[in-house]
Number of protein chains: 2
Amino acid sequence: MVRSDARENRVRILAAARESFAEDGDTSMNQIAQRAGVGAGTLYRNFPTREALVLAVYKEEVERIIDTVPALLAQMPPIEALRHWTMDLVEAMRRKHGLGDALGAGAHQAIAQQTYGPVIAAITELLDAGKQDGSIRADADPGDFLQLTGALWRAASGPDDRSPRMLALVLDGLRAKPRA
Amino acid sequence: MVRSDARENRVRILAAARESFAEDGDTSMNQIAQRAGVGAGTLYRNFPTREALVLAVYKEEVERIIDTVPALLAQMPPIEALRHWTMDLVEAMRRKHGLGDALGAGAHQAIAQQTYGPVIAAITELLDAGKQDGSIRADADPGDFLQLTGALWRAASGPDDRSPRMLALVLDGLRAKPRA
DNA sequence: TACCGTAGTGGAGAGCTCTCCACTTAGCAA
DNA sequence: TTGCTAAGTGGAGAGCTCTCCACTACGGTA
């Protein structure tokens, strides 16, 4: 049973976070709690890490990106679809705030599992398409890929953006047959 | 000109950090400063991030690993040398504390450049060996590789260690000829 | 030896993250 | 309607990172 006030609080936190992030990506958890009119404890019970909160706030955006998978697969080969999709995600996450450092943090693994679930599902879909037509090696693991991807959105954007090159490297690794 | 007291302070900080890390990897910067008998300001002037300090403390270990490059190259093909070398580094860094999150952090880039310089040099050497004999693509960039590697030592170790699989992926990407 | 410019110091303090637990209250049962 | 009780709350507080700047003292110079 979820109490109604709890549900409302969660909504208020999300709203406050959305507004705060829009104004300044570095807003502190405390500030958000205050703005939402809840205690820090409540904030942390709902979103145990800053990343969880960011991801929840941008859930719609993430879902939008996830939803593009079928279209991408219809338009281009799986590897290219994966490339486009990943760059979209990297772009979106980069504009956001502090996300990415959470990937692979040992703690909160259960929550991460849940939070990243849809993302993993999307990657799985893309990889499977490639495995089906033989363009992606059969032992490719979505979790590995996501984790490697984490390095991309940490990569400095700026003038010399390494991320396309890094992604190309990883994709070529996915394409190659594993060595004997 | 470096004042003698400054030099001594630096040494004292390193000693304190070494002892502290040996007892508990989570020791705070404050505690280390206190143990070294210096103010927090002095600590931060010498080592602007926790990572810089960790890396300085383990400089010898890192140097040891760097020094193994020629031996590895003499014993095995460049790709395998790179694999071994990277896993050694990952192992070492994983046992250490909080290192890895610094990779690619936009700030402190100058210091990072300096700190990671030797590591980059070692990677360059390994990559060059592979380029020479044609086993590694010519456009491989040491910086990209290091950054991707960052994801490895963030990867949860534990029973299901993704890092060898992730590394294999990256190495296969290095091996492959870039797509047309 | 006495002086002085400046490199270097250190710790108070702002502001953060996250925990803990005494308290509040929604919603069920009678 | 009136308890009752566990789900939920919130904010004080421990402890952290990192900055700032008034002060200290090293070491070159005359």
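Residue numbers start from 1 in every chain, and the chains themselves are labelled A, B, ... in the order their sequence lines are given, proteins ahead of strands. Computed from a predicted structure; not experimentally measured.
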Write down the distance between [atom1] ([X]) and [atom2] ([N]), rounded to a whole number of angstrom.
X	N	atom1	atom2	value
Asn30(B)	dT19(D)	CG	C1'	13 Å
Ile13(A)	dG11(D)	CD1	P	13 Å
Ile32(A)	dC16(C)	CD1	C1'	12 Å
Tyr44(A)	dC21(C)	OH	P	18 Å
Asp26(A)	dG15(C)	CG	P	14 Å
Met29(B)	dT19(D)	CE	P	10 Å
Phe47(A)	dC18(C)	CZ	C1'	16 Å

Basic-acidic side-chain contact under 4.0 Å: [X], [Y]:
X	Y	value
Asp172(A)	Arg137(B)	yes
Asp67(A)	Arg64(A)	no
Arg18(A)	Glu23(A)	no

Does [N] have OP1 or OP2 under 4.0 Å away from a side-chain N or O of [X]?
X	N	value
Ser4(A)	dA26(C)	no
Ser28(B)	dG15(D)	no
Gln31(A)	dG15(C)	no

Can you confirm whether the side chains of Ser28(A) and Asn30(A) place a donor and an acceptor under 3.5 Å from each other? no
State which residue, out of Thr68(A), Ile66(A), Val119(A), fulfils the side-chain contact (heavy atoms from CB on, under 4.5 Å) condition with Leu89(A).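 That would be Val119(A).
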Counting primed atoms, P, OP1 and OP2 as sugar-phosphate and everything else as base, the B/S/- map of nucleotides 5-10 of chain C against protein heavy atoms under 4.0 Å is --BSBB
Residues forming a side chain to side chain donor-acceptor pair (under 3.5 Å) with Arg10(B), sequence neighbours excluded: Asn46(B)
